[in-house]
Amino acid sequence: MSYRVHQIDDDYLERQRKKDKAAVKYPKCFKTAVDISKVNLPVVKEWITDKINEQLPDDDIVIDYLYELLQANGDQPDIRGIQVQLNDFLGQDEARQFCEKLWKLMISAQDDPDGIPAEILEKRKKEYEELEKKEQVPAKKEQVPEKRKTNYNRSTSKDGESK
């Protein structure tokens, strides 16, 4: 039996990446470019941390790796490359769903003047309103059933009169 040895260089790796990208179906929203300088990255990183921890609890390495991938290409992140990289950690379906949600958040964030996605703003508004309601409504005291008074005067006759 004989084996072929391929020289692995940058060109070979680039061809492999292109093959991997061509084999994967991408959502339509990936066609929209995102300028990462318009996005509030700490807010997005918080969302990324929450979502990754749901699927991979206590895996800070994947979170940091994903954050680096977002910043790797300067102001224009490569979401297709990110999805291919996440396939190894999350699986194809989960990586596709995660990247689609992430990209929609990024698109929403770049359109906002503060760089915060509309979905996250709505969520925080609801949390704030719920917190205000809780503070305005005083806590109800637990109602303890009233104990019946007992008659300690046992010197009553059958007619109910005291002796």
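Residue numbers run from 1 in the order of the sequence given.
In terms of heavy-atom proximity, Pro77 sits nearest to Val34 at CD-O, 3.5 Å. Heavy-atom minimum distance, Pro117 versus Gly115: CD-O, 3.9 Å.
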Show the atom names and distances, to 0.1 Å, of all donor-acceptor pairs under 3.5 Å that link a side chain in residues 39-48 to residues at least two apart or in another chain.
{"from": "Glu46", "atom 1": "OE1", "to": "Arg124", "atom 2": "NH2", "distance (Å)": "3.3"}
{"from": "Glu46", "atom 1": "OE2", "to": "Arg124", "atom 2": "NH2", "distance (Å)": "3.4"}

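Distance check, rounded to the nearest 0.5 Å: CG of Leu56 to CZ of Phe89 gives 8.5 Å. If you take OG1 on Thr32 and CD1 on Ile107, they are separated by 4.0 Å, rounding to the nearest 0.5 Å. If you take SG on Cys29 and CG on Leu105, they are separated by 10.5 Å, rounding to the nearest 0.5 Å. Taken from SG in Cys99 to CD in Gln85, the straight-line distance is 10.5 Å, to the nearest 0.5 Å. Separating the CG atom in Leu90 from the CD atom in Gln97 is a distance of 10.0 Å, to the nearest 0.5 Å. Rounded to the nearest 0.5 angstrom, Leu70 CG and Leu102 CG are separated by 5.5 Å.
Around CG of Leu131, the count of heavy atoms belonging to other residues, nucleotides or ligands within 6.0 Å exceeds 12.
Using a distance-only test at 3.5 Å, with no hydrogens or angles considered, a donor-acceptor pair links the side chain of Gln110 to the main chain of Asp35. Distance alone, capped at 3.5 Å, places no donor-acceptor pair between the Ser37 side chain and the Asp75 backbone.
Contacts classified as salt bridge (Lys or Arg N to Asp or Glu O under 4.0 Å) and involving residues 100-122 (residues at least two apart or in different chains) are given here: Glu100-Lys104.
Looking only at side-chain heavy atoms (C-beta outward), Ile79 and Met106 stay at 4.5 Å or farther from each other. With a 4.5 Å cut-off on side-chain heavy atoms, Thr49 and Asn53 count as touching. By the 4.5 Å heavy-atom criterion applied to side chains, Phe98 and Leu66 are counted as neighbours.
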